[in-house]
Amino acid sequence: MTKKEQKKIVITGGNSGIGYATAEEFLGRGYKVLITGRNPGAIQQAVYDLGFPAEGFQADQGSLADIQKLKDYVRSRYTQIDVLFINAGIGKFGPFESVTEAAFDEVMDINFKGAFFTAQQLLPLVKEGGSIVFLSSSNANGGMPGAAVHSASKAALNSLARTLSRELAPKRIRVNTIVPGPVNTPLAEKAGFGKEGLDHMAALVPMGRVAEPHEIAKMVGFITSRDAAFVNGAEISIDGGFSVHPLAG
Ligand SMILES: NC(=O)c1ccc[n+]([C@@H]2O[C@H](COP(=O)([O-])OP(=O)(O)OC[C@H]3O[C@@H](n4cnc5c(N)ncnc54)[C@H](OP(=O)(O)O)[C@@H]3O)[C@@H](O)[C@H]2O)c1
């Protein structure tokens with residue numbers, strides 16, 4: 001009997017938060033895990049903490065040159081992968097009137113353009129029967145003040161995933177989108193909200209709290225598994241009811 005080949009996942013933005021939790025989840029599922037990020041020290045620490053067979057690759061997902069280097073590296077290391085989790089993203093918020101061209105480009109380059117070209121460039125490495133998962137946000141469907149660019153970048157991601165779920169189906173590659181509400185990750189600090197911001201968001205969630213990163217990771221694990229073999233083109237909310245309109249129904 002031939003030995004079953006170990007499955008492989010590439011996680012963009014895997015040195016922190018949801019990406020890191022997903023790396024833990026897939027190591028637990030017996031995968032080889034490659035995480036990316038911009039900060040070499042954070043990647044090194046994450047790989048050390050995750051343990052073998054996790055490995056890291058420094059890449060700015062907003063840079064097409066880095067995406068190309070990532071593709072070459074993944075091809076040389078793994079030949080093909082089972083799952084591509086496009087998770088890297090930033091949260092930048094501020095009043096509409098104060099959005100500069102530079103801020104607009106930074107958010108769009110990482111959250112949308114980078115995601116678009118990461119999917120395009122790594123697609124040839126995704127096995128038949130494999131999965132691409134995009135990490136969106138409940139902001140994609142909402143109208144949170146101060147989130148004009150952020151929300152648009154995530155809405156564009158949802159649109160891309162919908163198209164790809166149909167376009168890639170003949171290749172037997174499933175494409176799904178995870179749509180979290182607020183999650184307890186370092187992003188809140190980086191976006192300038194801090195713990196107070198998360199507490200404020202928790203109060204708006206019907207279940208009275210924000211998500212923990214492993215709760216998102218578990219869904220990535222499920223949706224890419226055989227048990228979800230017929231789930232394609234789905235936008236899966238994980239938000240404790242945050243996005244359900246209080247007056248609907
Ligand atoms: N936390 C929330 O409430 C929430 C809610 C909905 C959706 N999301 C989405 O979830 C995803 C993960 O965020 P998180 O909450 O886990 O935040 P996080 O802890 O800040 O993690 C973000 C990850 O993305 C990486 N990253 C950011 N820009 C990158 C770039 N240009 N190239 C490569 N890697 C990059 C970061 O690493 P480096 O800094 O080293 O680059 C880090 O590993 C994001 O797409 C975010 O928009 C988060």
Side-chain angles (χ1 to χ4, degrees), residues 10-25 33-47 49-50 54 56-67 69-70 85-93 105-118 133-142 144 147 149-158 161 177-195 197-202 204-205 209-217 219-220 235-240 242-243:
V10 171
I11 301 172
T12 68
N15 62 38
S16 175
I18 295 166
Y20 182 87
T22 307
E24 286 185 312
E25 173 68 22
V33 172
L34 177 75
I35 60 167
T36 78
R38 293 165 299 182
N39 181 333
I43 298 170
Q44 204 178 6
Q45 185 64 51
V47 167
D49 292 343
L50 288 164
F57 187 85
Q58 187 190 351
D60 179 347
Q61 299 305 141
S63 152
L64 267 65
D66 279 14
I67 292 169
K69 284 182 201 152
L70 174 65
F85 181 35
I86 299 185
N87 161 76
I90 55 170
K92 289 239 159 152
F93 303 91
D105 286 347
E106 185 188 6
V107 172
M108 282 295 180
D109 280 356
I110 298 173
N111 287 5
F112 180 58
K113 184 175 145 193
F116 184 105
F117 285 104
T118 301
V133 179
F134 290 97
L135 203 293
S136 182
S137 165
S138 53
N139 284 129
N141 304 313
M144 189 173 97
V149 188
H150 183 78
S151 299
S153 72
K154 294 296 191 181
L157 208 53
N158 289 17
T177 308
I178 308 280
V179 188
V183 188
N184 181 21
T185 74
L187 188 133
E189 205 65 55
K190 295 174 194 171
F193 293 145
K195 179 163 172 0
L198 277 179
D199 289 346
H200 171 73
M201 297 304 276
L204 302 176
V205 176
R209 66 173 177 89
V210 302
E212 292 301 323
H214 73 266
E215 295 179 298
I216 312 301
M219 182 56 80
V220 184
E235 291 172 14
I236 299 173
S237 293
I238 311 176
D239 64 4
F242 180 64
S243 56

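Just so you know, ligand 1 is whichever comes first in the structure, and atom 1 is the first atom listed for that ligand. For clarity, every value in this text was computed on a predicted model and none was experimentally measured.
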So, for [X] and [Y], which heavy atoms are closest and what is the spacing to 0.1 Å?
X: L157; Y: A115; value: CD1-CB, 3.4 Å
X: F117; Y: I67; value: O-CG2, 3.7 Å
X: I216; Y: A211; value: CD1-CB, 4.2 Å
X: A23; Y: L50; value: CB-CD1, 3.7 Å
X: P180; Y: S136; value: CD-O, 3.3 Å
X: L135; Y: N87; value: CG-OD1, 3.5 Å

May I ask you to list the atoms of ligand 1 that are less than 4.0 angstrom from any heavy atom of [X]?
X: A59; result: 32 (N), 33 (C)
X: D60; result: 30 (C), 31 (N), 32 (N)
X: N39; result: 40 (O)
X: G14; result: 43 (O)
X: I90; result: 27 (C), 28 (N)
X: P182; result: 3 (O)

Check: [Y] main-chain N/O paired with [X] side-chain donor or acceptor under 3.5 Å:
X: Q58; Y: R38; value: yes
X: S237; Y: D239; value: no
X: N111; Y: I90; value: yes

Heavy atom under 4.0 Å from ligand 1: found in [X]'s side chain, backbone, both, or neither?
X: P213; answer: neither
X: L187; answer: both
X: N139; answer: neither
X: S138; answer: neither
X: T185; answer: side chain

Of all the non-hydrogen atoms in the protein, which one sits nearest to [atom], and at what distance?
atom: atom 8 (N) of ligand 1; value: L135 CD1, 3.8 Å
atom: atom 5 (C) of ligand 1; value: G181 O, 3.2 Å
atom: atom 35 (C) of ligand 1; value: A88 CB, 3.6 Å
atom: atom 32 (N) of ligand 1; value: Q61 N, 2.8 Å
atom: atom 11 (C) of ligand 1; value: N87 O, 3.1 Å
atom: atom 48 (C) of ligand 1; value: I18 CD1, 4.1 Å
atom: atom 2 (C) of ligand 1; value: V183 N, 3.5 Å
atom: atom 19 (O) of ligand 1; value: S16 OG, 2.5 Å

Any atom of ligand 1 sitting under 4.0 Å from a heavy atom of [X]?
X: K154; answer: yes
X: A211; answer: no
X: P186; answer: yes
X: T12; answer: no

Practice item. Test T185 against every option in L198, I18, V210 by the side chain to side chain contact (heavy atoms under 4.5 Å, CB included) rule and name the one that passes. Key: I18

Point to revise | Pick from G17, G89, G19: the one approaching atom 22 (C) of ligand 1 most closely through a non-hydrogen atom | key: G89

Review point. Are any of the N/O atoms in S137 less than 3.5 Å from those in ligand 1?
Key: no

**Study point:** Heteroatom proximity flag, P180 to ligand 1, N/O under 3.5 Å
**Key:** no

Point to revise | Note, M144 side chain near F93 side chain (heavy atom, < 4.5 Å) | key: yes

Review point. Heavy-atom distance under 4.5 Å between the side chains of V47 and I35, does that happen here?
Key: yes

Review point. Any luck finding a side-chain donor-acceptor pair between Q61 and T36 under 3.5 Å?
Key: yes

Exercise for review: Decide whether N158 and T177 meet the rule of one side-chain donor and one side-chain acceptor closer than 3.5 Å.
Suggested key: no

Practice item. For atom CD of E212, decide whether the heavy atoms of other residues, nucleotides or ligands shown that lie under 6.0 angstrom number more than 12. Key: yes

